[in-house]
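Notes follow once the structure below has been shown.
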Amino acid sequence: MWKKLFLCAGLLAFCLAASAQSYSLRTNVIGLATTNLNIEGSMTLSRKWSLHLPLQYNPFKFGHNRQFRNFYAAPGARYWLLESYMGGFIGMYGTAGTYSVGNLFGNKYRYEGEGYGVGVSVGKAYQVGRRWNLEWEVGAGAVWLAYDKYLCRRCGDLVGRNYGWHFLPTRAAFNVVYLF
């Protein structure tokens with residue numbers, strides 16, 4: 001009897017905890033402005049903590065072989081200073097991605113490779129409706145980059161290879177957020 005009562009109490013607690021979770025979807029307007037298709041899903045873990053998974057993809061090549069192609073994921077967590085999805089926050093995240101960037105802003109090289117790292121961020125969310133938020137976020141971190149450098153004149157001549165750790169800005173976002 002006690003086992004059944006304990007099991008029922010555990011199931012009830014799990015159902016109540018699951019129904020208290022909040023979810024959101026967001027997109028980074030700065031990313032969209034640079035032709036990066038992006039979406040981020042998140043869920044709260046408690047009143048002060050949330051998990052996030054932003055994904056970014058850019059398959060486009062532009063005229064004169066200009067490109068900013070990439071695929072990027074940065075799973076992480078946020079600690080909210082006030083309450084989840086409200087006010088300021090501090091974030092921690094990992095980064096992983098591949099890229100092929102070249103012939104932009106007069107640069108005569110194309111860089112193709114991958115990167116992995118960790119970063120921290122700060123930001124703030126502003127409630128603009130019952131289900132809508134706007135938020136900004138900036139962050140930096142340590143990233144291990146491995147890339148090949150090509151001459152863009154024909155985008156085929158390998159000029160060099162490089163790899164190593166770099167401290168870089170890793171996040172700049174102005175997000176439009178929908179809360180479930």
Side-chain angles (χ1 to χ4, degrees), residues 6-62 67-101 104 114-145 166-180:
F6 183 74
L7 181 63
C8 288
L11 287 173
L12 179 62
F14 176 76
C15 291
L16 290 176
S19 66
Q21 287 181 339
S22 297
Y23 300 91
S24 74
L25 280 177
R26 58 181 46 80
T27 190
N28 181 357
V29 176
I30 296 171
L32 293 175
T34 60
T35 68
N36 287 301
L37 308 173
N38 67 82
I39 191 164
E40 179 178 328
S42 71
M43 67 179 275
T44 59
L45 296 176
S46 68
R47 187 172 166 257
K48 297 269 190 178
W49 287 94
S50 59
L51 288 178
H52 297 259
L53 180 60
L55 300 171
Q56 173 178 292
Y57 179 60
N58 187 334
F60 308 113
K61 263 189 174 180
F62 307 105
Q67 58 187 331
F68 186 56
R69 297 182 307 159
N70 63 75
F71 177 74
Y72 171 81
R78 289 182 183 172
Y79 176 78
W80 295 84
L81 302 176
L82 182 60
E83 186 176 332
S84 291
Y85 304 129
M86 297 179 72
F89 61 86
I90 300 167
M92 301 144 285
Y93 53 90
T95 63
T98 63
Y99 56 91
S100 180
V101 179
L104 297 173
E114 55 190 21
Y116 307 95
V118 294
V120 293
S121 65
V122 295
K124 190 168 184 180
Y126 303 91
Q127 190 173 5
V128 294
R130 186 171 163 256
R131 298 235 176 242
W132 292 95
N133 277 5
L134 295 175
E135 71 182 28
W136 62 266
E137 182 179 17
V138 294
V143 182
W144 184 84
L145 296 175
H166 304 273
F167 186 76
L168 302 168
T170 54
R171 188 159 295 178
F174 181 75
N175 295 319
V176 176
V177 183
Y178 181 77
L179 304 167
F180 292 96

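With hydrogens and angles disregarded, a donor-acceptor distance shorter than 3.5 Å links the side chain of Arg131 to the backbone of Leu179. At distances below 3.5 Å, at least one donor-acceptor pair connects side-chain atoms of Thr44 with backbone N or O atoms of Ser22. When atom types are taken as modelled, the side chain of Ser84 and the backbone of Arg47 share a donor-acceptor pair closer than 3.5 angstrom.
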Please output the side-chain donor-acceptor pairs of residues 71-78 that fall under 3.5 Å, not counting sequence neighbours, one pair per line with the distance.
unit_1 : atom_1 : unit_2 : atom_2 : d
Arg78  : NH1    : Glu135 : OE1    : 3.4
Arg78  : NH1    : Glu135 : OE2    : 3.0
Arg78  : NH2    : Glu135 : OE2    : 3.1
Arg78  : NH2    : Glu137 : OE1    : 2.9

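Contact detail for Ala125 and Asn133: the closest heavy-atom pair is CB-ND2, 4.1 Å. Of all heavy-atom pairs spanning Thr170 and Val143, the tightest one is CG2-CG2, 3.6 Å. Here the closest non-hydrogen pair linking Tyr116 and Ala96 is CD2-CB, 3.8 Å. Minimum heavy-atom separation, Phe167 to Ala142: CD1-N, 4.2 Å. Heavy atoms only, all atoms of each residue included: Arg69 and Pro59 are closest at CD-O, 3.7 Å. For the pair Ser24 and Val177, the tightest heavy-atom approach, listed with the atom from each and the gap, is CB-CG1, 3.9 Å.
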Steps toward side chain to side chain contact (heavy atoms under 4.5 Å, CB included) verdict (Leu25, Ile39) = CA-CA 7 Å; Leu25 280 177; Ile39 191 164; 4.0 Å; yes

I would like to know whether Trp80 and Trp49 meet side chain to side chain contact (heavy atoms under 4.5 Å, CB included); could you show each step before the answer?
-> CA-CA 6 Å; Trp80 295 84; Trp49 287 94; over 6 Å; no

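Taking the six-membered ring for Trp and the full ring otherwise, the centers of Phe174 and Trp136 sit at least 6.0 Å from each other.
The line from CD of Glu114 to OG of Ser100 is 13.0 Å long, rounded to the nearest 0.5 Å. In this structure, CD on Gln127 lies 13.0 Å from OH on Tyr85, to the nearest 0.5 angstrom. Here the straight-line distance linking atom OH of Tyr99 with atom CZ of Phe68 works out to 11.0 Å at 0.5 Å rounding. Atom OH in Tyr57 sits 9.0 Å away from atom OG1 in Thr98 (nearest 0.5 Å).
Taking the six-membered ring where the residue is Trp, Trp132 and Tyr178 present perpendicular rings, their angle passing 60° and hence far from 30°.
At least one side-chain heavy atom of Leu45 sits less than 4.5 Å from a side-chain heavy atom of Leu51. Between Val176 and Leu134, the closest side-chain pair of non-hydrogen atoms falls below 4.5 Å.
Open room surrounds NZ on Lys124; 12 or fewer heavy atoms of other groups in view lie less than 6.0 Å from it.
For the side-chain contact (heavy atoms from CB on, under 4.5 Å) criterion with Asn58, the lone passing option out of Asn36, Leu37, Val101 is Asn36. Only one option out of Thr34, Asn70, Asn38 pairs with Gln56 in a side-chain hydrogen bond (donor to acceptor under 3.5 Å, both in side chains); it is Asn70.
With 3.5 Å as the limit, one finds no donor-acceptor pair spanning the side chains of Glu40 and Asn28.
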